[in-house]
2 protein chains.
Amino acid sequence: MNSPHFSTKERILGAAEELFARNGFAGASLRELTATAKVNLAAVNYHFGSKDNLVNEVFRRRLDELSAQRLHLLQSVLAKPKPTLEEILAAFIHPALLLSLDKSGGATFVRVLARAYAEHNERLRKFLSENYGHVLKEFAAAFGAQLPHLDKEELYWRIDIIAGALTYAMADFGVIKRRAAMSEKIHRERAAEHLIRFAAAGLRAE
Amino acid sequence: MNSPHFSTKERILGAAEELFARNGFAGASLRELTATAKVNLAAVNYHFGSKDNLVNEVFRRRLDELSAQRLHLLQSVLAKPKPTLEEILAAFIHPALLLSLDKSGGATFVRVLARAYAEHNERLRKFLSENYGHVLKEFAAAFGAQLPHLDKEELYWRIDIIAGALTYAMADFGVIKRRAAMSEKIHRERAAEHLIRFAAAGLRAE
DNA sequence: GGTAAAACCAAACGACCGTTTGAATCATAA
DNA sequence: TTATGATTCAAACGGTCGTTTGGTTTTACC
């Protein structure tokens, strides 16, 4: 990931993703980060201006495509004559699954994403809300059309629980460990299947 | 919470809970913490030995009772002739709800609990697993007896998702904000009801 | 090949961190 | 009242942090 044929900026972003996932944003120091990326300590401030801005760029590098994929899939589903709840959920979950299978750091980034949920960093939340908040809004509208029996408050509760559970599950936060014989791909695909089935049942309940 | 009629140790524990919830364990400094508690900087190391041990004691103060309540409720439910899935879930969720309604920092502690899930702090995880791991094991066995059609792997997936979603929801991590007119108590009780219904449907699915 | 911009680098800055020290103060029992 | 142990306190220690500086090297273009 940090091979010499990558540019300095790319090596910094790769090392940042890895260390943010492992140690959190405050817990990852620029000294360890620049040593991992094999660049000078001052390179972060030279190329990104500050550590805070580096955090933003780590998210932008992945979320632009993740959000585009989710919205594109959602539009495909909503264009169908009779979209199902499972299809809408899949539009949300499947791009995250693909990202977690990405060969160059995608799985790591999903863990960084979970960090962002957990840390109530106001500055980061504002950045994410301003740049990617519209995606969640569109999914909320799609779910609402599928579940007219739920009032707005009830619907928000359930979507909220799903978003938290999805983040938790995709980041492999829990205790479960795949058997060594099971490939990472199958492991994650089963996770997504379980989550979709689980979430759809929970959304339809009552 | 930090009134002068509380002992130095109690004032430190109260301030620690508050600042750990707001800033995380590494993000809360002993200088800000002792200033909040109105005690001398050296008091933490004098009474608790180290910051790490203070973190442990913040958890012990609440988790001893939370775990006892959960196990007691679980035993009551399992003693019934026909325990339901909802009742087992309630045995897990309801004590956390009660804690979140506690007048003296319980709601704050639930947010600290969510921090512990999110931060992959190996030292803290070991402490929690050694002291409270048996609680989760007993609940897993109870769920397994209720869901014989699920193999062990499938069951663990679903329990894992529930534990994550519970932590997420109870800590009020999400975007939803209760209306000002709705009391905190009703807000939390509805959250627990929703979560139980949601989780039961997800566990029963397929 | 000369030149201006871009990139890189070692070193240092000031700030904050957890912890330790040793003396001052308090409580309590003889 | 005096002696003793528990507690509190201001001050300092060594270390790590993000950031800045000023000079050196590399790159790109006429």
Side-chain angles (χ1 to χ4, degrees), chain A residues 1-59 61 112 115-116 119 121-124 126-127, chain B residues 1-59 112 115-116 119-124 126-127:
Chain A
M1 176 183 310
N2 299 322
S3 313
H5 59 85
F6 284 105
S7 74
T8 296
K9 285 181 82 162
E10 284 166 339
R11 291 214 305 284
I12 290 174
L13 285 171
E17 196 167 64
E18 210 164 295
L19 292 181
F20 289 163
R22 182 157 42 204
N23 303 324
F25 304 106
S29 78
L30 291 187
R31 282 170 176 79
E32 183 182 6
L33 197 157
T34 51
T36 302
K38 295 195 202 316
V39 302
N40 185 271
L41 168 62
V44 168
N45 283 277
Y46 176 77
H47 285 285
F48 296 95
S50 68
K51 184 183 180 181
D52 275 351
N53 200 56
L54 170 62
V55 174
N56 290 352
E57 292 308 311
V58 165
F59 279 94
R61 184 171 66 144
V112 176
R115 288 274 191 187
E119 299 192 12
N121 185 322
E122 209 47 56
R123 193 200 55 78
L124 179 56
K126 191 181 173 197
F127 170 82
Chain B
M1 178 182 311
N2 299 322
S3 313
H5 60 86
F6 284 106
S7 74
T8 297
K9 284 181 84 164
E10 284 166 338
R11 292 213 306 283
I12 290 175
L13 286 170
E17 195 167 64
E18 208 164 297
L19 291 181
F20 290 163
R22 184 159 41 207
N23 303 324
F25 304 107
S29 78
L30 291 187
R31 280 169 177 81
E32 183 182 4
L33 197 157
T34 51
T36 302
K38 296 196 202 315
V39 302
N40 185 270
L41 169 61
V44 169
N45 284 276
Y46 176 77
H47 285 285
F48 296 94
S50 69
K51 184 183 180 182
D52 276 351
N53 199 58
L54 170 62
V55 174
N56 290 352
E57 294 307 313
V58 166
F59 280 94
V112 176
R115 288 274 190 186
E119 299 193 10
H120 280 219
N121 185 322
E122 209 47 56
R123 191 201 57 76
L124 179 56
K126 191 183 173 198
F127 170 82

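Treat the numbers as computed from the prediction; the structure is a model and nothing was measured. Below, read A as the first sequence line, B as the second, and so on, with proteins coming before strands; counting in each chain starts at 1.
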| said: Under the salt bridge (Lys or Arg N to Asp or Glu O under 4.0 Å) definition, can you give me all pairs with a residue in residues 43-52 of chain B, not counting sequence neighbours? | reply: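 Listed by first then second residue: B:Asp52-B:Arg123.
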| said: Going by salt bridge (Lys or Arg N to Asp or Glu O under 4.0 Å), name the pairs with one or both residues in residues 19-30 of chain A, residues two or more places apart or in two chains. | reply: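 Sorted pair list comes back empty.
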Over how many whole Å does the gap from [X] atom [atom1] to [N] atom [atom2] extend?
{"X": "A:Arg11", "N": "C:dA7", "atom1": "CZ", "atom2": "C1'", "answer": "12 Å"}
{"X": "A:Asn23", "N": "D:dT16", "atom1": "CG", "atom2": "P", "answer": "15 Å"}
{"X": "A:Leu19", "N": "D:dC17", "atom1": "CG", "atom2": "C1'", "answer": "15 Å"}
{"X": "B:Glu32", "N": "C:dC16", "atom1": "CD", "atom2": "P", "answer": "12 Å"}

| message | For A:Val39 and A:Leu33: C-alpha separation, side-chain torsions, deciding distance, then whether side-chain contact (heavy atoms from CB on, under 4.5 Å) applies. | response | CA-CA 9 Å; A:Val39 302; A:Leu33 197 157; over 6 Å; no
| salt bridge (charged side-chain N to carboxylate O under 4.0 Å, His left out) with A:Glu32: which residues, sequence neighbours excluded? |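 In terms of salt bridge (charged side-chain N to carboxylate O under 4.0 Å, His left out), with neighbours along the sequence ignored, A:Glu32 is linked to no residue.
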| field | For A:Arg61, salt bridge (charged side-chain N to carboxylate O under 4.0 Å, His left out) partners two or more places apart | value |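 In terms of salt bridge (charged side-chain N to carboxylate O under 4.0 Å, His left out), with neighbours along the sequence ignored, A:Arg61 is linked to A:Glu17.
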| Who are the side chain to side chain contact (heavy atoms under 4.5 Å, CB included) partners of A:Ala21, not counting sequence neighbours? |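 Per chain and number, A:Ala21 pairs via side chain to side chain contact (heavy atoms under 4.5 Å, CB included) with A:Thr108, A:Arg111, A:Val112.
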| said: The criterion is side chain to side chain contact (heavy atoms under 4.5 Å, CB included); which residues satisfy it with A:Leu41, sequence neighbours excluded? | reply: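 A:Leu41 satisfies side chain to side chain contact (heavy atoms under 4.5 Å, CB included) with A:Leu30, A:Arg31, A:Thr34 only.
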| request: Any chance you could lay out the side-chain contact (heavy atoms from CB on, under 4.5 Å) test for B:Arg115 and B:Phe20, step after step, and finish with the verdict? | output: CA-CA 8 Å; B:Arg115 288 274 190 186; B:Phe20 290 163; over 6 Å; no
| request: Check whether any side-chain nitrogen or oxygen of A:Thr8 sits under 4.0 Å from OP1 or OP2 of C:dA7, and answer yes or no. | output: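 The answer is no; no side-chain N or O of A:Thr8 sits under 4.0 Å from OP1 or OP2.
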| request: Considering just the side-chain nitrogens and oxygens of B:His47, establish if one lies under 4.0 Å of OP1 or OP2 belonging to D:dT8. | output: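 Yes, because at least one side-chain N or O of B:His47 sits under 4.0 Å from OP1 or OP2 of D:dT8.
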| What does the inter-axis angle of the helix from C:dG1-D:dC30 to C:dA30-D:dT1 come out as, five pairs per end, nearest 10 degrees? |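 So the angle between the two local helix axes works out to 0°.
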Set out, line by line, the N/O atom pairs under 3.5 Å between protein and nucleotides 18-28 of chain D.
from   : atom 1 : to      : atom 2 : distance (Å)
D:dG18 : OP1    : A:Lys51 : NZ     : 2.6
D:dG18 : OP2    : A:Leu30 : N      : 2.8
D:dG18 : N7     : A:Arg31 : NH1    : 2.7
D:dG18 : N7     : A:Arg31 : NH2    : 3.4
D:dG18 : O6     : A:Arg31 : NH2    : 2.6
D:dT19 : OP2    : A:Asn45 : OD1    : 3.4
D:dT19 : OP2    : A:Lys51 : N      : 3.0

